[in-house]
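Notes follow once the structure below has been shown.
Letters go in sequence order (proteins before strands), and every chain restarts at 1.
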Amino acid sequence: MSLQTDNRKFSERTAEGIDNPFMRSAVSSAQDSLKTRRLSAATALGEWEEWRKAGQQIRQHTLKHLDYYLEELARNIDRRGGKIYFARTKEEASAYIGRIVEQKNAKRIVKSKSMVTEEIELNHVLLEMGCEVTETDLGEYILQVDDWEAPSHIVAPALHKDRKQIRRVFAERLGYQGDETPENLARFAREVLRQKFLEADIGITGCNFAVANLGAINLVTNEGNGDLTAAIPKTHIAVMGMERIVPSLEEMEVLDNLLCRSAVGQKLTSYITVMGPSAPGEADGPEDFHLVVVDNGRSDILGSEFNDALQCIRCGACLNVCPVYRHIGGHSYGSIYPGPIGAVITPLLGGYDDYKELPYASSLCAACTDVCPVKIPLHEQLILHRQKIVEQGRTGTADRLQMKTAARVLSSPSLFGKVLRLANPGSRMISSRGRIVRGPAIVRGWTSARDLPQPVRQKDSFRSWMENRKGGSGN
Amino acid sequence: MSMQQPIHANNNKEAFLDHIAAKLGRERVHQVERPKLALPGRKDTPATEELVDILKEQCFFIHTQVIESSPEILQQTLNDLLEANGGGPVLTSADPRFAEYGLEFSGRLLWEAAAGRDENIRRAAAAGTAVVFADYALAESGTIVVESRPDQGRAFHFLTGHYIAVIERSRIVPRSTQAAADLNRRVMAGEPMGSCINLISGPSNSADIEMQLVVGVHGPLRATYVLI
Amino acid sequence: MKVSIFSTCLVDLMFPNVGKAMVEVLERLGCEIDFPASQVCCGQPTYNSGYLEDSKLAMKNMMLAFEHSDYVVGPSGSCIAMFHEYPAVFKGDPQWELKAISLKNKSFELTQFIVHVLGITDVGAHLEGIATYHRSCHMTRLLGEKETPFRLLEQVDGLRLEPLKNSDNCCGFGGTFSVKMPEISAQMVDEKCACVAETGADILISADMGCLMNIGGRLSRNGQSIRVMHIAEVLNCVPAAQGGRSL
């Protein structure tokens, strides 16, 4: 997997999403339940707005001094006997990990869910090297067994699949003979994956937050797979986006609380772990610990107008409230990062050539901005993307012409008056019972699903009424 | 590539951090004051009995059984639990509190540094129930905090079907804030710490299939807290 | 109290009755009304499409149009929220920043103005029926006004309000979004119509004509006979003897 999960046109992908009733009912019921759970967990904490502000301040402070905290992290990892590697590109990151695998002569690798390893196409590199790679997060494992299908949600990657599909995949690929209850499917995966953990040469995890003054990484999970990945194999490689760092355990605690509540509506998830290289005398944990810090385009965001997007803690709350995500599903975004945050960061990491539609896949309802636990102004960042796309002349001649004309008409009372004079007679030709049922090209998308009221005659317009009426004054 | 060449010879650190500083439009900084956190929430410390009530209520939501016991009857409480849950030998550590409370389990398996990685993991995987003493318990989230030590490794907490944490009431704090502050105090003071700190809130679980909660995935299928 | 009406271009061109209702309600509540005729549009359609520089033309026109007003009141949470964005748009612009701040500070959405500025919740309206209320996203989230429509509607004699399921989900209008991404928008409005139907209400009320044009357009296409009313029209339902129009 890479950042890009589907290279068809955006419109083709969304048409497929809209046409998938199972996925849509799965997504909307997931949204409805996650929304309620998030809200009750946020309310239970009390003074949620103050917590959000604290979260935002922590993220902004850390980003502003990112070089300092990464240096402190490096010093402490080193002090604890671990190794840290800084990768500017995805190629550097996966090549470094490849070299460790080669040096260890490792064959069996277990992974716990990590979006950044998808971004650096790590599985591809490891499979090419002939390794057996096992994703151990239940959702990711289901996707892996189904020919490495792309995730559709950053927290619940297999959200789009139902139990019947999962049972069929397990039966066909793994010889599963049980029924389709989630409990039995999960129990079966537990048995298969337990063996993988015990046999693994290397464990690879992501990193929710690195803790600078401790020289450790923080993992937040419910299943416990991350902990087994970092406990049993002799080598643990953790991969982090370079911005995912906190000064100390105190800031980590605040962000973990925001993360767990926003992502899944839990006060804390079952397993929150802070870990580093094994300490002298300890029997398990990694003898060799590597932390790979990945840039891969992030430094271009740092200090730019999109800087706030780097505050993201990958909770997925914005996906869970997004009405667009609700109807098109995660795969429509064509990126491992879907939803509102995906529409903001995917074009930044992957460029407008492939992703310039994503910033438009939003009604700018701001539900995402409202829910973001670290106060990223997501809908404003989408508008900012649109501004960049316009500045770079990527919007096409027709759009440009329409918008330039609109801008002139909407800023000039006299031009607007002309439109008022023309709109009603123009629209009469295509109306039925006073409602437009098939509009001219510019509004055809609208009238394909909706009637449009007919503009009034100029003499019936509100401004004419105001001007004619006693007490109405012009200026 | 040559096996002699250390793969870590150049970790790119300086160039990488210089680049970040440049993107931030300034020189590298080597001194930063960590802003003091101004967190909302109650400032008083609730009485232990109130904390116990909060903990018990939360444990209901995280599918964790809570049993109130006392040092005098702890052995009996644990024996009853083990009998009721069945499922193989007990895994314990050399935590001195096992001796302090006079706890003994027949056929127990012991995590001990001397046994080495493979043997300890084998023992943990062969055990049915792990018993630990919590370093702290966090009332609000129903969490216990444990730290890795030579006599109690990381996999200790994740391989048995049943997980029992004994919580001394004096170790219950209101929430994660207090545990984080105390742990960070130790970090700042340079005190020796385990390589791994676990905040464990109930059994492992997943909602990856149709958002339906399944309790018990990779880690323990059941969790019990015993209060003394 | 002198109030300048900001009709919004949508009301001006398509829904004059909403503007008239607003004027009549405000006059009944003792306001002295004027209509600065050089006003057109807040600039939101082009601003949200990324045409920042072009949008500033419309914004500047509005700042000048309302330069001498005491209060500016409009029948749209969304358009008023756009006014509230002006200071950010013109930040650091010596000629316009202060004008932008001034316009922001004196602009109110209609229900906001009645409740917070006039301090009135009972406008003496009477309307028989079962209604449900659609919260517009921009009014709720960008303007941050969640309660005033309900405080006014609760006092409307004869009206019963039914809660709308998933009321925080966008109806799919989103201005140019509904034209640029019509397929997605259509799914959103369809779900909204289904939720409206589920309430059993015979009147759908909102404080933004964009949303109502969208939902109403879909209801009409589906043949769902639910009456669509702007809240100004509801508040203007008073006995004719009191100078209102009975609907």
Side-chain angles (χ1 to χ4, degrees), chain A residues 11 14-15 18 32 321 323-324 326-328 360-367 369-370 383 385-390 395 399 403-404 406-413 416 419-420 423 435 437 442-443 445-446 448-453 455-456 460-463 465-467 471-475, chain C residues 5 7 9 11-16 19-20 23 33-41 43 45-52 54-55 57-58 60-61 65 68 137-138 141-142 166 168-170 172-175 177-189 191 213-214 217-218 220-221:
Chain A
S11 55
T14 49
I18 287 171
D32 295 345
V321 297
V324 171
R326 183 180 184 87
H327 293 288
I328 66 177
Y360 296 92
S362 165
S363 62
L364 302 177
C365 77
T369 303
D370 235 29
I383 296 176
H385 266 306
R386 298 177 187 187
Q387 288 171 7
K388 299 284 163 201
I389 290 166
V390 168
T395 49
D399 186 84
M403 284 296 156
K404 296 259 177 205
R408 285 181 54 221
V409 171
L410 296 177
S411 58
S412 155
F416 188 69
V419 170
L420 274 178
R435 316 228 12 134
V437 292
I442 188 170
V443 293
W446 173 283
S448 64
R450 283 154 289 223
D451 294 348
L452 186 65
V456 295
D460 298 327
S461 73
F462 176 71
R463 70 176 56 221
W465 181 78
M466 271 318 285
E467 279 156 12
S473 72
N475 70 351
Chain C
I5 295 293
S7 67
C9 53
V11 162
D12 198 3
L13 179 69
M14 308 278 251
F15 306 100
K20 294 175 195 171
V23 168
I33 300 296
D34 78 340
F35 179 79
S38 61
Q39 65 177 283
V40 187
C41 167
T46 48
Y47 177 76
N48 282 355
S49 301
Y51 290 81
L52 173 63
D54 301 284
S55 308
L57 297 174
K60 289 173 182 174
N61 178 59
H68 304 294
C137 301
H138 286 180
R141 301 202 183 95
L142 303 190
N166 288 334
D168 47 359
N169 276 357
C170 172
F173 176 57
F177 170 76
S178 55
V179 180
K180 265 202 159 74
M181 302 246 165
E183 299 83 5
I184 303 174
S185 168
Q187 303 304 315
M188 290 159 70
V189 72
E191 188 179 8
M213 181 169 80
N214 180 47
R218 185 62 181 170
S220 148
R221 179 64 57 89

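Considering only heavy atoms from C-beta on, A/Pro413 stays 4.5 Å or farther from C/Gln39 through its side chain. The closest side-chain heavy-atom distance from C/Glu183 to A/Thr14 is not below 4.5 Å. Between A/Arg450 and C/Phe173 there is no side-chain heavy-atom pair separated by less than 4.5 Å. Annotation: side chain of A/Trp446 is not in contact with side chain of C/Pro182 (no heavy-atom distance under 4.5 Å). At a threshold of 4.5 Å between non-hydrogen side-chain atoms, the residues A/Met466 and C/Asp34 do not count as touching. Contact annotation: the side chain of C/Asn166 approaches that of A/Arg326 to within less than 4.5 Å [non-hydrogen atoms, C-beta and beyond]. In this structure the side chain of C/Met14 never reaches within 4.5 angstrom of the side chain of A/Val456, judged on heavy atoms.
Annotation: maximal heavy-atom pairing with chain C below 4.5 Å, among A/Ala406, A/Ala367, A/Ser412, occurs at A/Ala367. Ranked by non-hydrogen atom pairs under 4.5 Å with chain C, the options A/Lys404, A/Arg408, A/His385 are led by A/Lys404.
Between the side chains of C/Tyr51 and A/Thr395, a donor-acceptor pair is found at a separation under 3.5 Å.
Not one N or O on the side chain of C/His138 forms a donor-acceptor pair closer than 3.5 Å with the backbone of A/Ala366.
Listed here is the closest heavy atom pair of A/Ser362 and C/Phe177: O-CD1, 3.3 Å. A pairwise comparison of heavy atoms in A/Ala407 and C/Asp54 identifies CB-CB, 3.5 Å as the closest pair. For the residue pair A/Leu364 and C/Asn48, the shortest heavy atom distance occurs at CD1-CG, 3.4 Å. Nearest heavy-atom pair, C/Val40 versus A/Ser411, reported as atom, atom and distance to 0.1 Å: CG2-C, 4.4 Å. A/Ile383 approaches C/Tyr47 most closely through the heavy-atom pair CG2-O, 3.7 Å.
Within the model, atoms CH2 of A/Trp465 and NZ of C/Lys20 stand 6.5 Å from one another, a figure rounded to the nearest 0.5 Å.
Exactly one residue among A/Pro323, A/Ser363, A/Cys365 makes a side chain to side chain contact (heavy atoms under 4.5 Å, CB included) with C/Cys137. That residue is A/Cys365.
If you measure heavy-atom distances from C/Leu13 to chain A, the contacts under 4.5 Å come from both the backbone and the side chain. The contact between A/Asp370 and chain C is made entirely by side chain atoms (from C-beta outward), counting heavy-atom distances below 4.5 Å.
Salt bridge C/Lys180/A/Asp399: present, at least one basic N to carboxylate O contact under 4.0 Å.
Here A/Phe462 and C/Phe15 keep their ring centres 6.0 angstrom or further from each other.
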